[in-house]
Amino acid sequence: MALELFNTLSGKIEPLYASDGHALRFYCCGPTVYDFGHIGNFRTFLHVDVLRRAARLNGLPLHHVMNITDVDDKIIRNAAAAGQAIGEYSARFERAFFQDMDALNIERPEEIARATENVPGMVSLIERLAAQEIAYKTEDGSWYFRINRFPGYGKLSKKDLEGMEDGARVDLDEYDKDAARDFALWKAARPEEIASQAAWDTVLGPGRPGWHIECSAMAMQYLGDSIDLHAGGEDLMFPHHENEIAQSEAATHKPFARHWFHVRFLLVEGKKMSKSEGNFFTLRDLLLKGYRASAIRFLLLSVPYRHQLNFTFDGLTESTNAVERLRTFHDRMRKQAWPENTPADHPLMELIRKGDAEFTAALNDDLNTAEARAAVFDVLRAVNTAADQGSLSRLAAEQTLALLDKFDSIFAVLEDRDAERTRDALAWAEAENRLDQVSPEVIERFGSGSLADVEIDALVAERTQAKQQRNFARADAIRKELLDKGILLEDSKQGVRWKRK
RNA sequence: GGCGCGGUACCCAAGUGGUAAGGGAGAGGUCUGCAAAACCUUUAUGCGCCGGUUCGAUCCCGGCCCGCGCCUCCA
């Protein structure tokens with residue numbers, strides 16, 4: 001079965017394919033780099049990441065472009081407040097964004113498109129619209145899109161504009177637009193915008209591109225007039241994506257994107273995340289509170305993308321434990337020696353094969369990550385049981401490892417880089433004088449005074465020696481000492497394994 | 001007001017017209033010097049409420065209640 005995805009435009013689940021027979025031409029609306037990314041942002045990018053990875057699992061090559069909006073009202077305002085040019089201001093947050101993406105193991109798209117580097121394409125797209133009188137200039141020098149010239153407007157978000165009256169929710173007095181819903185293509189420069197280098201002198205007049213035109217122009221420039229797939233958060237459906245369709249299709253008279261993918265918003269502790277509710281978290285906030293990057297990734301992926309996810313700290317703890325169980329299992333499969341053949345081989349191998357098939361089928365069914373995850377846990381339990389009974393063969397263990405590899409090619413949580421990620425966040429907090437935002441536990445366990453791996457290894461060796469001499473009091477004292485510092489020990493026939501709590 | 005989504009065990013969460021996946025947590029047990037890990041047992045005669053269709057509904061239809069999202073910058 002091939003990968004099938006819900007398409008917002010058609011309202012149906014449809015197979016995903018590359019219309020040019022080579023690579024899936026895929027555009028995803030990226031971040032506006034005016035601040036640090038919050039977990040809601042990353043839920044979207046995380047599911048886009050799963051989409052990428054699932055496509056690869058199906059042998060579908062990608063040409064994935066993501067934009068960076070590096071000029072907009074907030075950037076201009078914040079840059080001005082900081083006395084910086086917009087480029088200087090936004091570069092810092094773009095860097096932070098990619099660091100966060102790395103911390104969450106989110107793959108980079110094939111291409112990154114910055115708005116400020118693609119202004120000429122936006123200008124010429126507006127010119128094409130102006131030639132048809134779909135774009136018009138107002139007295140202040142701004143350009144707008146004439147919505148009533150695009151009959152399909154509303155087809156993505158299923159809005160019936162006939163029933164919407166001008167002025168109902170839009171302030172008509174503010175602009176000299178022809179119709180209230182006409183949206184800006186080009187915003188005339190104001191004096192302070194010229195000062196912060198947020199204005200371009202073009203044939204349209206001095207100004208800067210509107211948000212919507214950026215994505216239309218860049219998507220078509222990098223991927224062609226008609227693309228296979230367009231993605232973003234659910235909020236972008238209207239008006240942003242609707243406007244993109246209008247601009248692009250009005251200019252080319254060709255379908256813009258065949259398939260639209262929208263990721264639903266997450267709730268935090270039952271409410272929409274907002275600064276005023278006090279439930280607004282950046283990735284960095286969570287890392288500095290001591291939550292692991294892997295647990296955050298796993299939690300954000302555990303609920304399928306079309307469902308609302310209620311993000312809670314309890315959920316984060318659950319995910320931490322679930323990831324730990326997977327890692328322990330993965331370790332066991334790799335490190336323990338298994339007999340060549342066992343009587344129980346056949347049924348177990350069959351069960352693993354079934355789990356593998358279910359995993360793939362679940363993902364291909366509109367990226368059902370919850371079901372895919374369950375399939376792996378089913379195998380985990382059965383294989384652990386067999387291992388405990390001594391009936392797990394080398395072959396079955398290898399087959400299990402292959403399934404875990406497949407699982408991790410999507411979920412990407414098995415390799416433990418959490419300590420590294422937390423240390424990076426801690427170093428950043430130190431550099432930015434934000435240590436007051438760091439939990440004391442994180443400072444104790446990951447700060448400069450914390451135990452280095454070699455010190456832990458030395459204590460573990462000392463304890464092993466004490467155990468051999470049956471000096472359990474000393475051995476237990478060392479274990480307790482390490483536990484107090486967040487290091488957990490596990491004895492097994494294969495030796496001692498330690499991990500950070 | 002318009003459009004849309006959801007209400008499944010203590011918590012999170014899949015799912016199907018034929019009798020409820022998975023994870024986490026709790027309790028009991030096995031193993032272990034003790035732990036940890038792992039495994040076993042256990043936790044929904046019921047899937048918001050009321051009707052209807054059906055041999056049969058948690059899943060289909062209608063109504064109601066509750067929660068949430070979008071309609072404005074927003075992932």
Side-chain angles (χ1 to χ4, degrees), chain A residues 8 11 28-32 34-35 37-48 72-74 154 157-161 163-164 168-171 181 211 231-240 242 262-267 270-275 298-300 302-312 314-329 331-332 336 358 362 365 368-389 467 470-473 475-476 479-480 483 488-494 496-499:
Chain A
T8 310
C28 172
C29 290
T32 302
Y34 67 95
D35 203 347
H38 59 251
I39 52 176
N41 294 317
F42 291 116
R43 158 123 132 137
T44 298
F45 298 121
L46 238 10
H47 276 99
V48 167
D72 95 312
D73 290 342
K74 281 187 208 125
S157 53
K158 323 287 184 237
K159 286 191 191 307
D160 177 12
L161 293 195
M164 292 186 189
R169 301 282 309 239
V170 184
D171 188 357
R181 288 203 169 264
W211 176 39
E234 64 165 329
D235 58 310
L236 298 186
M237 203 164 92
F238 186 89
H240 183 57
E242 204 69 72
H262 291 103
V263 180
R264 276 205 86 176
F265 266 6
L266 60 71
L267 263 36
K271 291 230 163 73
K272 181 171 169 172
M273 184 169 61
S274 73
K275 284 181 178 160
F298 202 58
L299 176 59
L300 259 19
S302 292
V303 176
Y305 76 95
R306 279 208 288 152
H307 290 238
Q308 213 164 43
L309 158 73
N310 185 14
F311 183 95
T312 63
D314 285 349
L316 219 35
T317 304
E318 287 174 15
S319 291
T320 306
N321 294 340
V323 169
E324 202 50 50
R325 187 166 170 217
L326 287 161
R327 285 179 179 168
T328 302
F329 178 66
D331 250 36
R332 182 181 198 187
Q336 215 164 307
E358 281 172 0
D365 180 14
N368 192 335
T369 45
E371 234 180 62
R373 203 193 111 134
V376 170
F377 276 103
D378 278 334
V379 171
L380 179 151
R381 192 174 2 83
V383 170
N384 258 333
T385 303
D388 279 3
Q389 292 167 348
K467 266 179 60 180
R470 301 197 71 76
N471 182 356
F472 294 121
D476 290 352
R479 185 168 64 194
K480 177 75 172 36
L483 185 64
L488 211 65
L489 262 45
E490 273 175 33
D491 294 335
S492 76
K493 290 191 177 99
Q494 284 70 43
V496 185
R497 173 172 180 244
W498 64 262
K499 60 190 182 190

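Labels below follow one simple rule: chain letters A, B, ... track the order of the sequence lines, proteins then strands, and each chain is numbered from 1.
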Has the side chain of A/Asp235 got a donor or acceptor that lies under 3.5 Å from a partner of the other kind on the base of B/C71? no

Whole-Å distance separating the CZ atom of A/Phe311 from the P atom of B/A75: 17 Å

I'd like to check A/Lys499 versus A/Thr328 (side-chain heavy atoms, cut-off strictly below 4.5 Å). Are they in contact? yes

For the C1' atoms, the ones on B/U30 and on B/A37, what distance do you get once it is rounded to whole angstrom? 14 Å

Given B/A14, is OP1 or OP2 found less than 4.0 Å from the side-chain N or O atoms of A/His307? yes

Looking at A/Thr312, I'd like to know whether one of its side-chain N or O atoms comes within less than 4.0 Å of OP1 or OP2 on B/C11. no

Would you write out the dot-bracket form of RNA chain B, 5' to 3', with Watson-Crick and G-U pairs under 3.5 Å, [ ] for crossing pairs, | for pairs to other strands and . for unpaired bases? (((((((..(((.....[...)))((((((.......))))))....(((((..]....))))))))))))....

Give a yes/no on whether any side-chain N or O of A/Asn310 is located under 4.0 angstrom from OP1 or OP2 of B/C12. no

With a cut-off of less than 4.0 Å, is there a side-chain N or O of A/Arg306 near OP1 or OP2 of B/G6? no

Rounded distance in Å between the C1' positions of B/U32 and B/A36: 10 Å

Using atom P of each nucleotide, how far apart are B/A13 and B/G24 to the nearest Å? 15 Å

Does the base of B/G23 carry an N or O that pairs as donor and acceptor with the side chain of A/Glu318 under 3.5 Å? yes

Can you tell me if A/Arg497 touches the phosphate of B/A36, counting only side-chain N or O atoms and a distance under 4.0 Å to OP1 or OP2? no

Whole-Å distance, A/Asp388 CG to B/C40 P, equals 8 Å

Separation of atom CZ in A/Arg332 from atom P in B/A36, rounded to whole Å: 16 Å

Can you find a donor-acceptor N/O pair under 3.5 angstrom joining the side chain of A/Arg479 to the base of B/A35? yes

Whole-Å distance separating the CE atom of A/Met237 from the P atom of B/C70: 11 Å

Closest to side chain of A/Arg381, choosing from B/G22, B/G33, B/C71: B/G22

Nearest-Å distance, CG (A/Leu300) to C1' (B/A13)? 15 Å

Taking the P atom of each, how far is B/C60 from B/G15, in whole Å? 12 Å

C1' atoms of B/C65 and B/G48, separation to the nearest Å: 8 Å

Nearest-nucleotide wise, let me know which of A/Ala473 and A/Gln389 is further upstream toward the 5' end of RNA chain B. A/Ala473

Whether A/Arg325 contacts B/G23 is assessed here as follows: a side-chain N or O lying under 4.0 Å from the phosphate OP1 or OP2. Is that the case? yes

With P as the reference atom in both, quote the distance from B/C66 to B/U54 in angstrom, rounded to an integer. 32 Å

With a 4.0 Å heavy-atom cut-off, tell me which residues in residues 368-378 of chain A come close to RNA chain B, sorted by residue number. A/Asn368, A/Ala370, A/Glu371, A/Arg373, A/Ala374, A/Phe377, A/Asp378

